[in-house]
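The basis for the numbers below is simple: all heavy atoms, side chains too, and nothing from hydrogens, waters or symmetry mates. Order of listing sets the numbers, starting from 1, for every ligand and every atom in it.
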Amino acid sequence: MRAAVLGGGPGGLNFAISLKLRDASHDVVVIERNKPDDTFGWGVVLSDETLGNLHSNDPISSKAIRDSFVYWDDITVHYRGTTMRSGGHGFSGIGRKRLLNILQERARSLGVKIKFETEAAPADDYQDYDIVVGADGVNSRVRAAYADAFKPNIDVRACKYIWLGTHQKFDDAFTFIFEETQHGWIWVHAYQFDSETATFIVECSEETWRRAGFDRMNIDETIAVCEKIFARNLDGHKLMSNARHLRGSAWLNFNRVLCERWSHKNIVLLGDAAATAHFSVGSGSKLAMESAIALANYLDSEPNMESAFRCYEDERRLEVLRLQNAARNSTEWFEDVERYFDLDPVQFNYSLLTRSQRISHENLRQRDPQWLSEAEKWFEQKATGRVPNAARPPMFVPFRVRGLELVNRVCVSPMDQYRAKDGTPNEWHFVHYAERAKGGAALVFTEMTCVSPEGRISPGCTGLYMPEHEAAWKGIVDFVHAETEAKIAIQLGHSGAKGSTQLGWEKADAPLKTGNWPLVAPSAVAWSTENQIPREMSRADMDRIRDEFVRSTEMATRSGFDWLELHYAHGYLMSSFITPLTNRRTDEYGGSLANRMRFPLEVFVAVRKAWPDGKPISVRISAHDWVGPDGVRPQDAVEIAHILAEAGVDLIDVSAGQTSTRARPIYGRMFQTPFSDRIRNEAGVATLAVGNIYEPDHVNSILMAGRADLVCLARPHLSDPYWTLHAAAELRYNGVNWPKPYWPGRDQLYRLRSRSEAPTGKV
Ligand SMILES: Cc1cc2nc3c(=O)[nH]c(=O)nc-3n(C[C@H](O)[C@H](O)[C@H](O)COP(=O)(O)OP(=O)(O)OC[C@H]3O[C@@H](n4cnc5c(N)ncnc54)[C@H](O)[C@@H]3O)c2cc1C
Ligand SMILES: Cc1cc2nc3c(=O)[nH]c(=O)nc-3n(C[C@H](O)[C@H](O)[C@H](O)COP(=O)(O)O)c2cc1C
């Protein structure tokens, strides 16, 4: 086979080596525009796993790489005058130039021809080769020439960065330095890659970059300013650039590259040309080199090139997506980092370490138990004001709001049971809620309980508008208080345009087959073409519904509920006022966000007056309509939360979606938690996170990183009412109280658990 490899970076060179290793008769040429020693950038980081993969492919080059490695174990964070260090992270670094020289030498020894200082011609000019490999990096010309076939998607990320080097030693830890300047925050990712030199990547927001005047500076001026900003950490050492060949200042924006296809005819993309991963997860070279091995493997094992390309893409695309996901989280963390500058150093450090969501709480415990234990103690001390003797997982730290204390941070999320008749809770509800309260969660939310018969979602929904409703709820509340440590919250709501629909397990959101009741909403906008068109609410309707909320609040007070939540999410009445998708009013209740919030606020103010002062009120919102700029987006949710908090709402329960049939949500593990994080840290209000949170590890990570104050689990509590007690056993934490009659079961469970292995961070 004759192969032309366009680009002699880690990807191209490792492909050339791998192909020759599989069949020495292949004729392989690498075209590289630079000289052998000419390279932009400094060091790269590779993990033990990648080294293992390189070793199985080629023990000779991998040994040379390993021999040139600098190893370090710790991550150090310099932030607000503090230095925090955690261990067990295990990295190794090598100079990019050294890495390329090793690969060049190995390629040559295998008979690969490398043409340096040669600009690659258009890929079409290599038609006398069997295969043309586009390994020409992030700005790939090969990809651009066949953009119609590869369909690239390039996302230019927000921050500015410059890749510098220094002889200052960072040989004991991967180091992050955050400095506040008069122009804004600027930070550094620094790591040693040989005995003399460290990579020193400086990054900041575009606004800070402009304010600092970096856009008008040449590279020497940039370096002089950076040396001044980071003087404390550079200790008199200089910063150096090896990107003087670049025009302008050498500051860049990271380009996230995705391609719909990686091959076209006999041309195939490799490494950064096909897909990039942000440098903050340090995996670009790994992806390029491992993809090179996979491509060579399939070219060797598959009967033809077409199927080799297909297998290569199938295998590598998955790995690339996985890393790009983690890299996106990490990129966004740095882009939004200003949001976290109010966090205490311990929490800031934790948030930084877990930013990609690949490292969880239990992973950190495995890496550095001492550090995590101190962090857990800090969390508890902050919550309780007392210095604990021993650390406990954050999910078991009490939470105080107004006059109420929750014994831990786990909540049973509201879940409609569709089991009531005429709004009255019955034995089903008694058993259901009693079981969840016995299961260890600190707070049990009721399902959306409706303020009027017309305000019900379905005929099976519970209500709180008749004396018999109040009496039945009181029975449940009394049991919870008498027999458990749990508190119980009533969720009050009105269905609006999503009312008069079938039970959850029938056709959800579809109108009843018979017996529909008339609906009201802010505007005459039906939920779907199948649903009835609601009547636009008059001011008199608003007065009536506000008073119904107050009546239910008074009943909830008499029933003894500890907490009240207003359901302003999921497209029901209040939510349909907030989102512009369903609020088309032209009066003072429609239009601007302030107008759309007017009626929901009016209801909150009236409810707050009727609800005991010592008891909290949370409001559940949909933080994302998932329809793009026409609907509510997370940045609007910050404003919504801010307005509610100003009015006196204690916590925002951050859900999302279900506000439009046009919504295209992006699901995933903890998928709504970023909205909670944003609201909590930008609007400065306490939050509850919810949505696909199912492991104790998820809960602890969310709380410890300050992404929420409480965590709600819905479906996990349907499959396991004792989720919290079981989580405690899994974490070997014995500070939870089980109901006395169940103690023998508890003892057996802990005994069994103590015989099995300690929990691991499953992410
Ligand atoms: C600031 C920063 C820090 C990084 N840190 C790390 C890290 O710690 N760990 C890690 O794994 N990765 C890191 N990376 C990413 C890593 O550098 C790339 O992902 C990796 O180099 C990709 O390898 P590649 O072979 O696909 O492309 P490249 O390394 O970009 O190689 C492409 C080659 O093609 C040549 N070329 C381009 N066009 C032509 C042409 N027309 N004619 C001839 N030659 C051409 C270029 O000169 C270059 O040598 C970092 C990236 C940046 C920007
Ligand atoms: C059967 C069921 C009923 C639900 N009913 C309500 C409800 O009455 N009020 C509400 O705010 N959310 C309701 N939800 C949404 C949940 O509270 C929660 O936000 C959602 O299920 C995501 O959490 P999870 O991934 O832990 O299940 C319901 C969810 C389920 C599964």
Hey, is His189 one of the residues with a heavy atom under 4.0 angstrom from ligand 1? no
Here the atoms of ligand 2 under 4.0 Å from any heavy atom belonging to Met448 are 7 (C), 8 (O)
If we only count N/O pairs under 3.5 Å, is Gly11 in contact with ligand 1? yes
Taking only heavy atoms of Ala135 into account, list the atoms of ligand 1 that are under 4.0 Å away from them. 32 (C), 33 (C), 34 (O)
Give the atom numbers and elements of ligand 1 that come within less than 4.0 Å of a heavy atom of Gly271. 26 (O)
Is the shortest N/O to N/O distance between Gln491 and ligand 2 below 3.5 Å? yes
Considering His278, Lys115, Lys35, Glu119 one by one, which has a heavy atom nearer to atom 41 (N) of ligand 1 than any of the others? Glu119
For atom 19 (O) of ligand 2, closest protein heavy-atom neighbour: Arg620 NH1, 3.0 Å
Heteroatom proximity flag, Tyr418 to ligand 2, N/O under 3.5 Å: no
Can you list the ligand 1 atoms lying under 4.0 Å from a non-hydrogen atom of Ile201? 1 (C), 3 (C)
Proximal atoms of ligand 1 relative to Ser283 (non-hydrogen, under 4.0 Å): 10 (C), 11 (O)
As an exercise, identify every atom of ligand 2 less than 4.0 angstrom from a heavy atom of Asp416. 3 (C), 4 (C), 5 (N), 6 (C), 7 (C), 8 (O)
About how many Å separate CG of Asp37 and CG of Asn101, when rounded to the nearest 0.5 Å? 5.0 Å
With no hydrogens and no angle check, do the side chains of His429 and Gln417 hold a donor and an acceptor under 3.5 Å apart? no
Kindly say whether the aromatic ring centers of Tyr161 and Phe279 come within a distance under 6.0 Å. yes
Around atom 31 (C) of ligand 2, find the nearest protein heavy atom and jot down its residue, atom name and distance. Arg715 CG, 3.7 Å
When you look for heavy atoms under 4.0 Å from ligand 1, do you find them on the side chain of Arg33, its backbone, both, or neither? both
Against ligand 2, does Pro716 come closer than 4.0 Å with any heavy atom? yes
Which of parallel (below 30°), tilted (30 to 60°) and perpendicular (above 60°) describes Phe445 and Trp563? perpendicular
On the ring face of Trp527, is Lys498 found with NZ or CZ under 6.0 Å from the centre and within 45° of the axis? yes
Geometry only, no angles: is Val44 polar-contacting ligand 1 at N/O separations under 3.5 Å? no
Do Arg98 and Ser68 have side-chain N/O donor and acceptor atoms under 3.5 Å apart? yes
Could you list the atoms of ligand 2 found under 4.0 angstrom from a heavy atom of Asn692? 24 (P), 25 (O)
If you measure from atom 51 (C) of ligand 1 to every heavy atom of Phe15, Tyr161, Phe91, Trp163, which option wins on shortest distance? Trp163
Are Phe174 and His89 close enough that their ring centers fall under 6.0 Å? no
Would you check, one step at a time, whether the test side-chain hydrogen bond (donor to acceptor under 3.5 Å, both in side chains) holds for Thr276 with Asp272? CA-CA 5 Å; Thr276 58; Asp272 274 8; 5.8 Å; no
Do NZ/NE/NH1/NH2 and the carboxylate oxygens of Lys286 and Glu49 come within less than 4.0 Å? yes
Any nitrogen or oxygen of Ala714 lying under 3.5 Å from a nitrogen or oxygen in ligand 2? Just yes or no. yes
In terms of its nearest heavy atom to atom 30 (C) of ligand 2, the top option of His717, Met670, His570, Met415 is Met415
Regarding His570 and Ser655, is there a side-chain donor-to-acceptor distance under 3.5 Å anywhere? yes
Give the minimum heavy-atom separation between Arg456 and Cys450, together with the two atoms involved. CA-SG, 3.5 Å
Report the part of Thr118 (side chain from C-beta onward, or backbone N, CA, C, O) that has a heavy atom under 4.0 Å from ligand 1; answer both or neither where that applies. backbone
Scanning both residues in full, the closest heavy-atom pair of Cys159 with Trp187 reads SG-CZ2, 4.1 Å
Do Thr50 and Ser47 have a side chain donor and acceptor closer than 3.5 Å? yes
Should you measure from each heavy atom of Asn34, which atoms of ligand 1 turn up under 4.0 Å away? 47 (O)
Quick note on ligand 2: atoms under 4.0 Å from a heavy atom of Val690 include exactly 18 (C), 19 (O), 23 (O)
Suppose I only count heavy atoms of Pro10 and a 4.0 Å limit; which atoms of ligand 1 are within that range? 21 (O), 23 (O), 25 (O), 29 (O)
I need the contact type for Ser140 against ligand 1. Using non-hydrogen atoms and a strict under-4.0 Å cut-off, is it side chain, backbone, both or neither? neither
Give the residue, atom name and distance (to 0.1 Å) of the protein heavy atom nearest atom 6 (C) of ligand 2. Pro414 O, 3.1 Å
Yes or no: does Gly504 have any heavy atom under 4.0 Å from an atom of ligand 2? no
Write down the atom of Leu323, the atom of Ser283, and the distance for their closest heavy-atom approach. CD2-OG, 3.5 Å
Report the C-alpha separation of Arg106 and Asp58 in whole Å, then their side-chain angles, then the decisive distance to 0.1 Å, and conclude whether the salt bridge (Lys or Arg N to Asp or Glu O under 4.0 Å) test is met. CA-CA 10 Å; Arg106 176 68 174 143; Asp58 179 23; 2.9 Å; yes
Within the structure, does Glu447 bring an N/O atom to less than 3.5 angstrom of an N/O atom in ligand 2? no
Which atoms of ligand 1 sit under 4.0 Å from any heavy atom of Gly137? 27 (O), 30 (O), 32 (C)
Distance-only donor-acceptor check, side chains Trp42 and Thr197, under 3.5 Å: no
Proximal ligand 1 atoms for Tyr191, defined as those under 4.0 Å from one of its heavy atoms: 5 (N), 8 (O)
Suppose we measure from atom 22 (C) of ligand 2 to each protein heavy atom; which comes out shortest, and what is that distance? Gly691 CA, 3.9 Å
Under 4.0 Å to a heavy atom of Ser413 - the qualifying atoms of ligand 2, by number: 16 (C), 17 (O), 18 (C), 19 (O)
Search all heavy atoms of Cys712 against all heavy atoms of Ile693 and return the closest pair with its distance. O-CD1, 4.4 Å
In terms of its nearest heavy atom to atom 42 (N) of ligand 1, the top option of Ala274, Gly282, Ala120 is Ala120
Taking only heavy atoms of Leu713 into account, list the atoms of ligand 2 that are under 4.0 Å away from them. 26 (O)
Here the pair of heavy atoms bringing Leu503 nearest to Ser458 is CD2-OG, 3.7 Å
Polar side chain donor-acceptor pair, Asp653 to Ser618, under 3.5 angstrom: no
